[in-house]
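We're numbering straight along the sequence, starting at 1.
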Amino acid sequence: FVLFANGGQQRKTFASQYGILFVGAGLRQRPPLGGAVCAAGMSFRFSGAYCECRATDSRGNVMPFTADRLPLRLALITEGRERENSLLSLGSRDLDMTTPEQALHIRDLMKSVVDDVTVFFDLADFIQQAPKLHDAVVWAHWNGSRNRNRTGYAAAICEIYGLRYVGPDPYARLIANDKSLSKVFLRRAGLESPASVLVATPTQVDLISALRVPVIVKPNMEGSSIGIDQGSICTTMEEAKDLALRKLGNFPEGIIVEEFVSGPEVFISLAFDKAGSFRWGCSERIVGEESSFLINHVYDYNLKFSRNRRV
């Protein structure tokens with residue numbers, strides 16, 4: 001693998017301050033020269049701009065292979081249906097769904113580096129075939145819709161049948177999909193997060209008065225910016241209460257209202273091994289040439305899903 005850094009003058013952003021550089025495939029953390037990272041039985045060693053790749057089996061023996069083919073059997077599980085509404089909107093409940101066309105594109109990309117790829121479009125079919133997949137690695141890309149536990153189904157099936165899979169376990173998925181519950185675990189771990197209240201019924205809307213404006217109003221149980229746009233930021237209590245009530249009608253699982261924190265949009269990826277050690281990478285989202293746009297705006301569904309997105 002070869003990494004190509006983009007040319008041109010580097011912008012004074014979070015990325016330039018903390019050692020993140022632009023590469024051909026997107027934003028990546030700059031690895032230390034000669035450093036190495038490991039994940040999923042594979043090791044990657046960086047030397048300048050090049051990356052050497054090798055895999056190990058369950059006994060730790062090195063398995064040599066060419067860099068363009070990986071010795072894996074993959075099982076991709078994803079949706080096999082069209083979206084509820086082909087016209088995406090703020091109220092769409094399946095923005096994070098993988099359409100059949102997208103699933104086939106993912107499959108083709110997988111086949112460019114792995115010979116054996118099996119695609120499941122139905123959970124029942126996946127369950128039936130699960131006993132035959134113990135030599136495979138499952139890519140759980142099934143999200144479902146309109147169910148607070150939907151993101152944990154595929155991982156739960158993998159756990160029941162003892163299958164290897166990519167991504168968090170069902171417990172972590174369900175916690176991460178519940179914003180209010182996630183904040184409880186953050187506090188227990190001694191990590192700060194913005195003050196917030198959970199509005200589960202219309203009678204709880206007055207709880208918002210305990211917060212300081214501006215606030216952001218969003219569905220408690222969704223991801224992928226479902227139910228979030230630039231109008232989700234409210235500068236008055238009356239505006240926030242009215243918006244929370246309106247959103248509660250579309251998202252009865254609850255609405256979380258949180259004090260808005262301005263600043264760059266940064267996300268961190270973590271990879272843990274069985275021993276508990278981990279590697280991490282950090283990237284900043286930039287909208288077009290406006291490096292400061294997301295400091296006082298939100299990364300909403302329009303920025304994520306519009307045809308001319310510039311993030």
Side-chain angles (χ1 to χ4, degrees), residues 37-44 53-63 65 69-83 93-178 181-182 185 221-224 253 269-279:
V37 296
C38 300
M42 302 181 66
S43 66
F44 302 83
C53 182
R54 63 180 183 174
T56 57
D57 61 19
S58 59
R59 297 179 299 277
N61 299 319
V62 174
M63 299 184 298
F65 60 95
R69 307 301 298 173
L70 301 178
L72 293 174
R73 179 189 179 199
L74 293 179
L76 171 64
I77 175 170
T78 185
E79 280 88 355
R81 60 179 177 84
E82 298 296 336
R83 298 189 189 278
R93 297 297 300 267
D94 52 6
L95 289 176
D96 54 356
M97 188 197 86
T98 304
T99 65
E101 295 78 15
Q102 291 170 336
L104 293 178
H105 183 58
I106 294 172
R107 179 205 62 187
D108 292 342
L109 289 174
M110 287 180 167
K111 285 188 173 181
S112 69
V113 292
V114 177
D115 292 325
D116 192 344
V117 179
T118 303
V119 182
F120 296 94
F121 291 106
D122 183 76
L123 282 180
D125 186 28
F126 175 61
I127 292 172
Q128 186 177 13
Q129 298 297 320
K132 303 176 183 178
L133 297 173
H134 285 282
D135 61 337
V137 175
V138 178
W139 193 286
H141 218 280
W142 193 93
N143 288 308
S145 67
R146 297 185 180 275
N147 186 300
R148 63 181 298 158
N149 300 320
R150 61 190 174 86
T151 60
Y153 287 166
I157 295 170
C158 292
E159 289 285 346
I160 291 171
Y161 288 95
L163 305 179
R164 297 176 297 169
Y165 60 99
V166 177
D169 63 22
Y171 181 73
R173 283 180 180 271
L174 296 180
I175 291 175
N177 201 49
D178 187 323
L181 184 58
S182 296
F185 280 82
M221 292 299 301
E222 298 295 340
S224 299
E253 300 87 359
S269 300
L270 296 170
F272 291 82
D273 61 22
K274 292 182 179 180
S277 61
F278 65 90
R279 302 285 178 171

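- At a threshold of 4.5 Å between non-hydrogen side-chain atoms, the residues Ile106 and Leu76 count as touching.
- Taking both residues in full, the closest heavy atoms of Ala75 and Phe120 are given as CB-CE1, 4.1 Å, listed atom of the first, atom of the second, then distance.
- By the 6.0 Å contact criterion, CZ on Phe278 is open, its count of non-hydrogen atoms from other residues, nucleotides or ligands being 12 or less.
- Of all heavy-atom pairs between Thr78 and Ala103, the closest is CG2-CB, 3.4 Å.
- Counting all heavy atoms, side chain and backbone alike, Ile127 lies closest to Ile157 at CG1-CD1, 3.6 Å.
- Annotation for Ala155 and Pro170: closest pair C-CG, 3.6 Å, computed over non-hydrogen atoms.
- Looking only at side-chain heavy atoms (C-beta outward), Leu133 and Arg73 come within less than 4.5 Å of each other.
- One distance of note links CG of Leu123 with OH of Tyr153; it measures 9.0 Å at 0.5 Å rounding.
- Here Lys132 pairs with Gln129 under the side-chain contact (heavy atoms from CB on, under 4.5 Å) rule; sequence neighbours left out.
- Annotation: side chain to side chain donor-acceptor pair (under 3.5 Å) contacts involving residues 156-174, sequence neighbours excluded, comprise Glu159-Tyr165.
- Contact between Ser182 and Ala176 at its shortest, heavy atoms only, is OG-CA, 3.5 Å.
- For Asp116, the side-chain hydrogen bond (donor to acceptor under 3.5 Å, both in side chains) criterion is met by no residue, not counting sequence neighbours.
- Atom CG of Leu109 is separated from atom CG of Leu104 by 11.0 Å, given to the nearest 0.5 angstrom.
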